[in-house]
Each structure stands twice: as C-alpha cells, then as structure tokens.
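These numbers come from the heavy atoms of this one structure, side chains and all, not from hydrogens, waters or symmetry mates. It should be emphasised that the depicted structure is a prediction, and the values quoted were computed from it without experimental measurement.
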Amino acid sequence: MMELKMVYTVAELAKAAQMSTKRLRRLLASMDVPVTVTGPRSRYVFLTDLKAKMPSMWESLLLWEERQCLGEEDLLAEEDCNDL
C-alpha cells in the first residue's frame, strides 16, 4: 500500500512532474498554490492545497506514488528470490 505524506518539498513534486524546481515554483505561484518557506532553501506544499488548487497535479502525484511503491515491491520480491 502506498504511503502519501502530508507535505512534499517543491523538489519532490518537481521530480514527480519531471520538471525543474524553478519551473514548478512558477507554476504553483500562477495557480495560487501556497508554498511554505521554512528556510533559505526549504519550500513545502501541503497536499490539501495541491488537491484543491491543482487537481491534475494531485492525480499525477497519486500515480507517481503508486509507481514508486510498485518499484519497491519489485525490488523486495527480487531480494526474496535471491535468498532462496
């Protein structure tokens, strides 16, 4: 089962969207998605904000998380096979 986090960094979301963090920051700003800044390089986005303001990005994130989870399960299955 996939585990979503409440908050993602802009860098994590950019990786999922396969775009630069700078481009994603501009996109988030244009869509009025709040970005929480906690330091000089720490920018976070709450999933509730992403889901409300950018439903297509939300759906993409769900697919990305599912793909990540499946990839981990494949690796675990391979490790189990190597133990035999």
Side-chain angles (χ1 to χ4, degrees):
M1 180 170 191
M2 76 176 151
E3 295 180 28
L4 288 176
K5 298 187 289 185
M6 279 182 25
V7 178
Y8 281 88
T9 65
V10 172
E12 288 172 319
L13 291 175
K15 180 180 178 183
Q18 297 181 348
M19 63 175 57
S20 71
T21 55
K22 187 175 183 178
R23 184 174 180 191
L24 181 60
R25 282 196 327 252
R26 288 193 308 257
L27 178 62
L28 292 171
S30 72
M31 299 295 290
D32 295 323
V33 177
V35 175
T36 303
V37 179
T38 60
R41 301 182 71 169
S42 302
R43 291 173 171 79
Y44 297 94
V45 177
F46 285 92
L47 285 187
T48 53
D49 294 330
L50 190 66
K51 186 176 181 182
K53 301 278 186 167
M54 294 180 71
S56 58
M57 178 76 123
W58 165 255
E59 291 296 324
S60 296
L61 180 63
L62 290 177
L63 292 173
W64 180 73
E65 283 286 346
E66 183 178 330
R67 189 179 77 218
Q68 294 294 103
C69 182
L70 289 175
E72 289 176 10
E73 287 176 4
D74 291 342
L75 289 175
L76 290 175
E78 185 177 313
E79 288 175 4
D80 290 343
C81 291
N82 290 336
D83 289 340
L84 296 177

Inset, instruction - Check L47 against K5 and note the closest heavy-atom contact, atom names and distance. - result: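 The answer is CD1-O, 2.7 Å.
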Inset, instruction - Compare every heavy atom of L28 with every heavy atom of M54, then report the nearest pair and how far apart it is. - result: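 Shortest heavy-atom contact: SD-CD2, 3.7 Å.
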Legend entry - Path from L50 to V35 over hydrophobic side-chain contacts below 4.5 Å: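 Per the 4.5 Å side-chain linkage, L50 and V35 are co-clustered.
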Legend entry - Single-linkage hydrophobic cluster, 4.5 Å side-chain cutoff, V7 and L24 together: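 Different clusters: V7 never reaches L24 through Ile, Leu, Val, Met, Phe, Trp or Tyr contacts under 4.5 Å.
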State, yes or no, whether a side-chain contact exists between [X] and [Y] at a heavy-atom distance under 4.5 Å.
{"X": "L27", "Y": "V33", "result": "no"}
{"X": "L63", "Y": "E59", "result": "no"}
{"X": "M31", "Y": "M57", "result": "no"}

Legend entry - Step-by-step side chain to side chain contact (heavy atoms under 4.5 Å, CB included) determination, L61 to K51: CA-CA 10 Å; L61 180 63; K51 186 176 181 182; over 6 Å; no
Distance in Å, [X] [atom1] paired with [Y] [atom2], rounded so as to fall on 0.5 Å steps:
{"X": "D49", "Y": "W58", "atom1": "CG", "atom2": "CH2", "value": "11.5 Å"}
{"X": "T21", "Y": "K15", "atom1": "OG1", "atom2": "NZ", "value": "13.5 Å"}
{"X": "Y44", "Y": "L13", "atom1": "OH", "atom2": "CG", "value": "12.0 Å"}

